[in-house]
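Encoded as structure tokens, the structure appears first; notes follow it.
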There are 2 protein chains.
Amino acid sequence: MAGPKGSKYYDVFLKFKVWLENTDGEGILGDGKFELIDQIDQLGSLKAAADKIGISYRKAWGNVKDAEEKLGFLLVDKHRGGQHGGNSVLTPEGKKLIEAYKELLVEFDESIYQITKKFFNKVNEK
Amino acid sequence: MAGPKGSKYYDVFLKFKVWLENTDGEGILGDGKFELIDQIDQLGSLKAAADKIGISYRKAWGNVKDAEEKLGFLLVDKHRGGQHGGNSVLTPEGKKLIEAYKELLVEFDESIYQITKKFFNKVNEK
DNA sequence: AACCGATATGTTTATATTTGCATAATAGCT
DNA sequence: AGCTATTATGCAAATATAAACATATCGGTT
């Protein structure tokens, strides 16, 4: 959301981001990785998900691995070989994680609407 | 906030960030720059603020300039020369901005508490 | 007019992050 | 057994971000 028409903040937007972090302050997964895992869920393949999102397979694979290592459990069951070369499906934990994240985003969006409105009212006070 | 004791998410935290962005998708200012401007307000000097925060003067100065250019108006009135070499005070706009940001953070913290609780309940469902 | 300490800014060095390249391993199918 | 599409991974190259270095400018005080 942007500030009101004519104000100094007319083309300024308030944005936010949510992510998981471990006790060392390292990011585990945020927006991008959630989107990736969601696409793996929908497409059944790491490669397909990477192509869809527009990142390299190398990066997508590295991202999933990194998140899994930091969490200490698998998010995706990966299989290589076979008729179609292989495939990937979410583990129950991975599935629950992306579902919870989607709900979280909806609730964040609801909260942020009021907060944003108030913020722009405040900065535009004469 | 972390997940409940004993759960897979025991030492995992949900974190968030808010920032201002322009229509080109460029970040204008977030956490770090708000903190910097707040310190300039409290200490009356860019240099003192940079030292306090632990970044170089060069970087602090660049950060303020960048934000001001993207916003199109000044946040800090800077004066050089004089008895103490110079000083910096916030413009009315800068002052309103950090005040609004502080309120925003408080409200975000309140909202996120419930959202986080719900999130960890969800991912830990059996 | 000389001094001082903070602002102002270009340039260079270092570091971190991302992207890309190349190549191996795998397993159902024909 | 060979083909195929995907997973798996090391390593080099390219970018982006941040830190460090060097210098100039300015104006109240002395």
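Reckoned from all heavy atoms, side chains included, excluding hydrogens, waters and symmetry mates. Below, chains carry the letters A, B, ... as their sequence lines are ordered, and counting in each starts from 1.
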Write down the protein N/O and nucleotide N/O pairs, taken from nucleotides 14-17 of chain D, whose separation is under 3.5 Å; answer none if there are no such pairs.
none

**OP:** Determine: side-chain N/O of A/S88 to OP1/OP2 of D/dT7, distance under 4.0 Å, yes or no.
**Re:**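 Looking at the OP1 and OP2 atoms of D/dT7, one of them is under 4.0 Å from a side-chain N or O of A/S88.
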
**OP:** Kindly state each residue pair satisfying side chain to side chain donor-acceptor pair (under 3.5 Å) with at least one member in residues 17-26 of chain A, sequence neighbours excluded.
**Re:**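 Side chain to side chain donor-acceptor pair (under 3.5 Å) check on residues 17-26 of chain A returns A/W19-A/E21, A/N22-A/E26.
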
Subject >> side chain to side chain donor-acceptor pair (under 3.5 Å) contacts touching residues 75-85 of chain A (sequence neighbours left out) >> reply: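 Those involving residues 75-85 of chain A are A/E68-A/K78.
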
Original post:
Residues from residues 44-68 of chain A sitting under 4.0 Å of DNA chain C, heavy atoms only?
Top reply: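 Contacts with DNA chain C under 4.0 Å: A/R58, A/K59.
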
Could you tell me which residues satisfy salt bridge (Lys or Arg N to Asp or Glu O under 4.0 Å) with [X], sequence neighbours excluded, listed by chain and number?
| X | result |
| --- | --- |
| A/E69 | A/K65 |
| B/D31 | none |
| B/E110 | none |

Name each donor-acceptor pair under 3.5 Å that joins a side chain in residues 51-61 of chain A to protein atoms two or more places apart or in another chain, with its distance.
{"unit_1": "A/D51", "atom_1": "OD2", "unit_2": "A/K47", "atom_2": "NZ", "d": "2.8"}
{"unit_1": "A/K52", "atom_1": "NZ", "unit_2": "A/Q39", "atom_2": "OE1", "d": "3.3"}
{"unit_1": "A/S56", "atom_1": "OG", "unit_2": "A/K59", "atom_2": "N", "d": "3.0"}

**OP:** Could you tell me from which nucleotide to which nucleotide of DNA chain C, 5' to 3', there is an atom under 4.0 Å from chain B heavy atoms?
**Re:**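 Here the contact window of chain B covers C/dG5 to C/dG10.
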
Subject >> ring pair (Phe, Tyr, Trp, His ring centres under 6.0 Å) involving B/Y101 - partner list, sequence neighbours excluded >> reply: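 Partners of B/Y101 by the ring pair (Phe, Tyr, Trp, His ring centres under 6.0 Å) criterion, ordered by chain and then number, come out as B/F34.
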
N/O-N/O pairs, protein side and nucleotides 28-30 of chain D side, under 3.5 Å:
{"unit_1": "D/dG28", "atom_1": "O4'", "unit_2": "B/Q83", "atom_2": "N", "d": "3.1"}

Original post:
How would you list, by chain and number, every residue that makes a side-chain hydrogen bond (donor to acceptor under 3.5 Å, both in side chains) with B/K8, sequence neighbours excluded?
Top reply: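 side-chain hydrogen bond (donor to acceptor under 3.5 Å, both in side chains) check on B/K8 returns nothing, list empty.
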
